[in-house]
Amino acid sequence: LVIGSGPSASDYLDQIPPIRHAVRIFCADPILPGLLARGIVPDYVCAIEREANITRVLAGSAKCTSTLIASPVVERDCIKNWAGNVLFWWSADDLYRWIAPGVRSMASGRSSGALALAAALHAGCTRICLGGHDLAYRNGVSHAADAHEIAHSAHLRAESEGGTTDP
């Protein structure tokens, strides 16, 4: 399962516990608090943003046993609670080639949801179900009710500034 933080993500969270034993779960970081609140611990949590406020999204993960898959340029505080259980994903955009020329990079898109899908594919998953990858609005909302509040506030800020919805 690859869970994004789009408006439909909350529609599917109650369906996960009965099948949890049979699936690997990759999720975008904004939906992590919603998963944990429902007792769902994903196998992998993906974080790609380079802003310090993403630490607020990952702060509630102190008891999370997931592996964090993160951009190597995330804020240092983002990885504190992961007890060394972090995989750094070198994306294919120019920033990473500049930081470490010659390091093998892999495509991942520019969102934590896209990174979650790329990571599932890279891990060899051949049957992938997507949830919360809407890339659309529902009733004027861009993120699931279970997504961290930072995703909602970033959307409102971006709308007022006419820019991106990334936190």
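Numbers here are sequence positions counted from 1. Since the structure is predicted, the reported quantities are computational estimates derived from the model, not experimental observations.
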task = Begin with the C-alpha distance, continue with both residues' side-chain angles, and end with the deciding distance and a verdict on side-chain contact (heavy atoms from CB on, under 4.5 Å) for His148 and Leu32.
result = CA-CA 8 Å; His148 192 279; Leu32 176 63; over 6 Å; no
Over all atoms of both residues, closest heavy-atom pair of [X] and [Y]:
| X | Y | result |
| --- | --- | --- |
| Ser112 | Asp29 | OG-OD1, 2.9 Å |
| Cys78 | Leu68 | O-CD2, 4.0 Å |
| Cys46 | Ala119 | SG-CB, 4.5 Å |
| Ala147 | Ser5 | CB-CB, 4.1 Å |
| Ile31 | Ala144 | CD1-CB, 4.0 Å |
| Ala9 | Gly4 | CB-O, 3.4 Å |

Connected via hydrophobic side-chain network under 4.5 Å: [X] and [Y]:
| X | Y | value |
| --- | --- | --- |
| Met106 | Leu117 | yes |
| Val86 | Val74 | yes |
| Ile16 | Ile128 | no |
| Tyr44 | Leu130 | yes |

Output yes when a side-chain donor or acceptor of [X] lies under 3.5 Å from a complementary backbone atom of [Y], and no otherwise.
| X | Y | value |
| --- | --- | --- |
| His133 | Val2 | yes |
| Ser111 | Ala114 | yes |
| Ser10 | Asp146 | yes |

task = Go through the structure and list residues passing side chain to side chain contact (heavy atoms under 4.5 Å, CB included) with Ser66, not counting sequence neighbours.
result =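 Ser66: side chain to side chain contact (heavy atoms under 4.5 Å, CB included) contacts with Val41, Pro42, Val45, Cys64, Trp82.
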Any heavy-atom pair between the side chains of [Y] and [X] that's under 4.5 Å?
| X | Y | answer |
| --- | --- | --- |
| Phe26 | Cys125 | yes |
| Ile79 | Phe88 | yes |
| Arg138 | Ser8 | yes |

request  = Would you sort out whether Leu35 and Leu13 count as a side-chain contact (heavy atoms from CB on, under 4.5 Å), showing the intermediate values?
outcome  = CA-CA 7 Å; Leu35 290 170; Leu13 298 186; 3.5 Å; yes
request  = Determine, step by step, whether Leu1 and Ile19 satisfy the side-chain contact (heavy atoms from CB on, under 4.5 Å) criterion, reporting the C-alpha distance in whole Å, the side-chain angles of both residues, the deciding distance to 0.1 Å, and the verdict.
outcome  = CA-CA 10 Å; Leu1 298 177; Ile19 63 167; 4.2 Å; yes
query = How many angstroms lie between atom CD1 of Ile25 and atom CG of Asp43, to the nearest 0.5 angstrom?
reply =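 Spacing of CD1 (Ile25) from CG (Asp43) equals 6.5 Å.
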inquiry  = Please verify the inter-ring angle class for His122 with Trp89; under 30° counts as parallel, over 60° as perpendicular, anything in between as tilted.
reply    =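 Geometry flag for Trp89 against His122: perpendicular rings.
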